[in-house]
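All ligand and atom numbering here is 1-based and tracks the order in the structure.
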Amino acid sequence: MTEALDIFRAETRAWLEANCTAEMRTPIARDSDVVWGGRNASLSEAQRQWLDAMGGRGWTVPEWPAEYGGGGLSKDKTKVLASEMRGLGARSPLSSFGIWMLGPALLKYGNEAQKLEHLPRIARGEIRWCQGYSEPGAGSDLASLRTSAEDRGDHYLVNGQKVWTSYADQADWIFCLVRTDPAAPKHLGISFLLFDMTSPGVSTSPIRLISGASPFCQTFFDDVRVPKENLVGTPGKGWDIAKYLLTHEREMIGAMDSAGGRDSLSQVAVRTLGLDGEVLSDAGLRSDIVRHEIDAWAFGLTMERVKDEAKAGQGVGALSSMLKYFGTELNKQRQELLMSIGGTDALAWDDDGGDQARAWLRSRANSIEGGTSEINLNIIAKRVLQLPGA
Ligand SMILES: Cc1cc2nc3c(=O)[nH]c(=O)nc-3n(C[C@H](O)[C@H](O)[C@H](O)COP(=O)(O)OP(=O)(O)OC[C@H]3O[C@@H](n4cnc5c(N)ncnc54)[C@H](O)[C@@H]3O)c2cc1C
């Protein structure tokens, strides 16, 4: 087994060396460095080549089965691939709600036709997905959602509104929670629908933030006809799929602080502040950075352990709330420290000065998106610690 893994490691290293160009080995520094894919993606030549090379091998989703566009790799081989990519400083070829959220849900709940239609296109970055969960009046209390999908024989007629839909104006398709049975208790009348954002009746209105960016939208559905075959799972049982998808979303958001393809805090600090002998010149920051890096290291190990203990292909369940809570606190702390390291230079706002201030402000949203910290602490109390009365 170890010998087979050693061979795999050597082959993987050689392949990455040959296919990951120098440009794709530099840290991700700004939004345009992140590849989201999709019909309207505008990629540099290097980004396109890297995405096609990795997508062609199924290595954008190494653990997914090969018949659905994945690499068909075991957990061990997936870890080897990740560690070789980290060693090379290789960027992730594709960031995708399809990979992080919808894919795992389809693998568990989708029928064969849905898997064959959607998963390979997600793996190759051809279709960009957005998430239609939150509504005005249904955020933490998501099961109060009111967007309706009326059964019209061969299709559903969808009407309603979503809010905070990240990148809805750039997405090709949406995975969407809708109410198919208004008479049922609120968790039971919900269904999980997939549809094309170019369907007649879908419109988006970007929400402009104080930073000038518009990362999310209000999304409106006005008599949108969605073919019946686009319903995932059983009508009225969408809440189970929604919750399962959220565990994957939370695990992904929690892993943000340990995401590869970027410099460590100490590397940035040494480059920016310089050394005093062999140690960082700023003693106060030195201890804060060391504490953060130890916490991040321990968190990385915890994440590995939790994933190892998870049942194959089933994800980490309620423990994702723990990973999300702690991981997002760590990421916020990392961004605070980067601001301290950068000093007044870190306040630069335009592209010529870098994006640190924006990244710091953006990190404040980490403990809201995908379920707030309070909601995740409630889940930890109830499902992980099984506290009485929680
Ligand atoms: C950057 C970002 C991107 C997002 N992207 C998407 C997206 O793509 N798709 C999507 O569908 N949604 C998205 N969201 C929405 C996100 O899921 C919601 O903002 C989140 O679930 C909280 O809902 P809310 O904003 O309605 O706040 P509310 O639910 O109104 O909560 C307000 C406050 O009350 C607290 N609170 C509420 N209930 C409880 C309780 N029972 N116990 C203790 N405290 C409680 C909350 O913790 C929070 O502090 C995004 C949000 C952000 C910030």
Minimum distance, heavy atoms only, to [atom]: which one of [options] is it?
atom	options	result
atom 7 (C) of ligand 1	Tyr167, Trp129, Trp164	Trp164
atom 31 (O) of ligand 1	Ala171, Ser144, Ser140	Ser140
atom 20 (C) of ligand 1	Ile368, Leu145, Ile207	Ile368
atom 18 (C) of ligand 1	Ser134, Gly370, Ser373, Gly137	Ser134

**Request:** Could you tell me if any non-hydrogen atom of Arg362 lies under 4.0 Å from any atom of ligand 1?
**Result:** yes

**Item:** Arg146, Arg179, Lys162 screened by salt bridge (charged side-chain N to carboxylate O under 4.0 Å, His left out) with Glu135, the one that passes
**Value:** Lys162

Electrostatic pair [X]-[Y], nearest N-O below 4.0 angstrom:
X	Y	value
Arg152	Asp223	no
Glu309	Arg305	yes
Arg334	Glu329	no
Lys324	Glu251	no
Arg39	Asp196	yes
Arg9	Asp6	no

**Item:** Within-cut-off N or O pair, Thr165 and ligand 1, under 3.5 Å
**Value:** no

**Message:** For ligand 1 and Asp141, I'd like to know whether there is a polar contact (N/O to N/O, distance under 3.5 Å).
**Reply:** no

**Verify atom 33 (C) of ligand 1: protein non-hydrogen atom under 4.0 angstrom away** = no

**Message:** Within the protein, is there a heavy atom lying under 4.0 Å from atom 26 (O) of ligand 1?
**Reply:** yes

**Message:** So that I know where these two stand, are Phe195 and Phe221 an aromatic pair - ring centroids less than 6.0 Å apart?
**Reply:** yes

**Request:** Taking the six-membered ring for Trp and the full ring for Phe, Tyr or His, determine whether the centres of Tyr167 and Phe216 are under 6.0 Å apart.
**Result:** no

**Fill in**
On a heavy-atom basis, the closest approach of Tyr68 and Ala123 is O-CB, 4.5 Å

What are the atoms of ligand 1, with element, lying closer than 4.0 Å to any heavy atom of [X]?
X	result
Ala365	1 (C), 53 (C)
Ile375	38 (N), 39 (C), 40 (C), 41 (N)
Tyr133	11 (O)
Phe216	1 (C), 2 (C), 3 (C), 52 (C)

Among protein heavy atoms, which lies nearest [atom], and at what distance?
atom	result
atom 21 (O) of ligand 1	Gly139 C, 3.9 Å
atom 43 (C) of ligand 1	Glu374 CB, 3.8 Å
atom 52 (C) of ligand 1	Glu369 CB, 3.6 Å
atom 3 (C) of ligand 1	Ser166 OG, 3.3 Å
atom 42 (N) of ligand 1	Asn378 ND2, 3.2 Å
atom 9 (N) of ligand 1	Gln131 O, 2.8 Å

**Request:** Under 4.0 Å, heavy atoms only, figure out whether ligand 1 is touched by the backbone of Leu142, its side chain, both or neither.
**Result:** neither

**Asked** Just heavy atoms, cut-off under 4.0 Å: does Thr372 contact ligand 1 by side chain, backbone, both, or neither?
**Response** side chain

**Prompt:** side chain to side chain donor-acceptor pair (under 3.5 Å) with Thr219: which of Thr204, Thr165, Thr147?
**Reply:** Thr165

**Request:** Examine Arg57 relative to Trp15 and say whether NZ or CZ is less than 6.0 Å from the centre of the six-membered ring and inside a 45° cone about the ring axis.
**Result:** yes

